[in-house]
2 protein chains.
Amino acid sequence: MAKHYENYDRILVALDCIIFGFDRSGLKLLLIQRDFEPEKGKWSLMGGFLNREESLDQAADRILHKLTGLKNVYLEQLYGFGEVDRDPVERTISIAYYALINIKEHDKELVEEYGARWFPIDDLPDLIFDHSEMVEAAKSRLKYRASHEPVGFELLPEKFTMPELQILYEDIYQTKLDKRNFRRRILSTNVLNKTDEKQKKYSKKGAYLYRFDHEKYEEKVSSGESLVFKPLKL
Amino acid sequence: MAKHYENYDRILVALDCIIFGFDRSGLKLLLIQRDFEPEKGKWSLMGGFLNREESLDQAADRILHKLTGLKNVYLEQLYGFGEVDRDPVERTISIAYYALINIKEHDKELVEEYGARWFPIDDLPDLIFDHSEMVEAAKSRLKYRASHEPVGFELLPEKFTMPELQILYEDIYQTKLDKRNFRRRILSTNVLNKTDEKQKKYSKKGAYLYRFDHEKYEEKVSSGESLVFKPLKL
DNA sequence: GCAAAAGTGTTACGAATACACCCATGA
DNA sequence: TCATGGGTGTATTCGTAACACTTTTGC
């Protein structure tokens with residue numbers, strides 16, 4: 001620690017958000033098209049700069065809100081990217097955050113205004129600066145997180161079917177999972193409530209809708225039960 | 001992302017190092033006594049500020065070197081701490097790094113010069129600012145890391161005994177481990193070489209010294225073997 | 001009646017755990 | 001000779017993985 005603070009460099013602190021969404025066709029990322037130089041026209045993560053009077057978390061929230069119109073979404077700090085030449089304009093560091101949002105709920109007008117688009121996680125365009133690196137880090141963090149905590153539900157609507165949940169996990173883990181083993185393990189956590197409604201959009205037979213039970217989950221966690229959402233060994 | 005960079009705040013970026021060491025008596029942390037206001041005389045992590053012309057990793061390296069005299073040690077970025085009022089002097093954010101060093105190898109004179117001291121991990125003094133939070137984060141990251149990769153060896157001398165290795169893991173995981181199960185699992189990874197030397201300092205019988213085989217480990221990793229250093233379920 | 005997706009149980013294997021005694025040596 | 005820490009093997013349990021057929025219903 002320094003004796004005085006006067007002689008040190010003040011630096012631009014950026015924040016970049018990796019925004020995950022999910023629908024039946026798979027896991028997706030929300031990207032914007034940069035409308036200014038450098039790298040104008042190229043795809044990038046939604047970002048912004050830290051203001052002196054807000055915390056890192058608040059700044060990330062603000063930036064996410066600006067693009068999606070959403071508040072109170074799952075948002076976790078990922079990593080600080082700090083190569084000297086990461087931004088050609090000026091020395092910056094960037095703290096990357098990743099968000100899990102319900103893809104149905106974001107503000108489509110805002111997204112349009114920003115020239116943003118959802119991309120399938122396995123078919124992303126080239127990104128500016130070190131943003132691809134950030135995305136890779138986010139994917140692997142999500143993998144880890146999803147196998148320890150029920151974050152998957154952040155990406156789903158309130159009611160969802162088992163096949164949907166399975167597609168989500170398969171996309172997160174990038175593997176095929178066995179239907180029977182998957183159901184058994186997910187249901188054995190005892191934090192899903194089966195409704196008697198059926199989702200008939202995607203099949204003739206229809207699939208039962210389930211709801212994640214936050215209270216039951218919190219109960220289990222606080223009673224020290226180690227709840228693991230690991231539908232396969234990784 | 002902003003249209004222009006001019007109108008944004010430049011901010012002090014600090015780095016703080018959680019420095020782990022280990023000897024027979026357990027896992028330890030190297031702390032310094034602040035010799036300037038605010039919080040003069042209180043214990044704190046070793047820290048410093050990011051210079052414009054160095055990366056975050058380089059800055060962390062530099063700061064660690066300044067206190068320990070060591071280069072090329074295990075150093076991993078932990079988390080960015082960014083509450084508005086975390087430092088009463090001026091708005092700063094701090095990127096915390098944690099280091100695993102061989103406690104025998106650091107420069108004792110430097111450490112003395114800084115008024116630094118090793119504290120047992122379970123008997124730490126109060127720390128300034130948000131440094132206790134950083135330490136907690138480092139402990140849990142180390143736990144995670146140690147169960148997935150052989151980082152424990154970073155904390156040990158080149159040759160070490162099974163009982164020593166076990167004490168280390170017990171300290172990291174904060175549990176007692178079964179001797180037989182521990183040995184079996186560690187040895188089953190096949191990346192330790194037994195020497196025929198015995199360490200007789202701590203027992204009459206003496207304990208065999210082992211060496212970690214970096215090449216064998218890299219081989220296994222790159223051949224896709226999923227090597228797990230998890231001596232118990234957590 | 002058939003195509004398409006949803007739903008359901010059992011067996012086998014391997015990993016994790018629990019557990020207690022003998023060994024070597026210096027004092 | 002005895003106290004101290006080092007070293008060793010087996011049986012059991014539990015979780016994970018592999019695997020195939022029946023159900024429902026819209027067309």
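Chain A is the first sequence line, chain B the second, and so forth, proteins listed ahead of strands; every chain is numbered from 1.
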If I take atom CZ in residue F182(B) and atom P in nucleotide dA15(C), what distance separates them, rounded to the nearest angstrom?
18 Å
Just how far is it from atom CZ of F22(B) to atom CZ of F160(B), taken to the nearest 0.5 Å?
11.0 Å
Does E136(A) come within less than 4.0 Å of K139(A), counting only side-chain N to carboxylate O?
yes
If I take atom CG in residue N181(B) and atom P in nucleotide dA20(C), what distance separates them, rounded to the nearest angstrom?
13 Å
Side chain of R141(B), backbone of Q77(B): donor and acceptor closer than 3.5 Å?
yes
With nearest nucleotides of DNA chain D determined for E164(B) and D178(B) from heavy-atom distances, which residue corresponds to the more 5′ nucleotide?
E164(B)
Answer yes when K42(A) and D126(A) have at least one side-chain N-carboxylate O distance shorter than 4.0 Å, and no when they do not.
no
Students often get this wrong, so: under 4.0 angstrom with heavy atoms, is K179(B) touching a base, only sugar-phosphate, or nothing?
base
Just how far, in rounded Å, is P of dA3(D) from NZ of K204(B)?
10 Å
Tell me whether the side-chain N or O atoms of K205(B) pair up with the base of dA24(C) as donor and acceptor below 3.5 Å, since no angle test is needed here.
no
OP1 or OP2 of dG26(C) less than 4.0 angstrom from a side-chain nitrogen or oxygen of K200(B), does that happen here?
yes
Let's test your reading of the model: under 3.5 Å, does the base of dA20(D) pair with the side chain of R180(A) as donor and acceptor?
yes
Between C1' on dT16(D) and CZ on R184(A), what's the gap in Å once rounded to a whole number?
9 Å
From NZ of K198(B) over to C1' of dG5(D), roughly how many Å is that when rounded to an integer?
11 Å
To the nearest angstrom, how far is Y210(B) atom OH from dG6(D) atom C1'?
10 Å
Taking atom types as modelled, find out whether D61(B) and Y97(B) have a side-chain donor-acceptor pair closer than 3.5 angstrom.
no
In whole angstroms, the gap separating C1' of dT17(C) from CZ of R185(B) amounts to 9 Å
Measure CG/L209(A) against P/dA6(C) and give the value in whole Å, please.
12 Å
Please determine if a side-chain N or O atom of R183(B) lies less than 4.0 Å away from the OP1 or OP2 oxygen of dG7(D).
yes
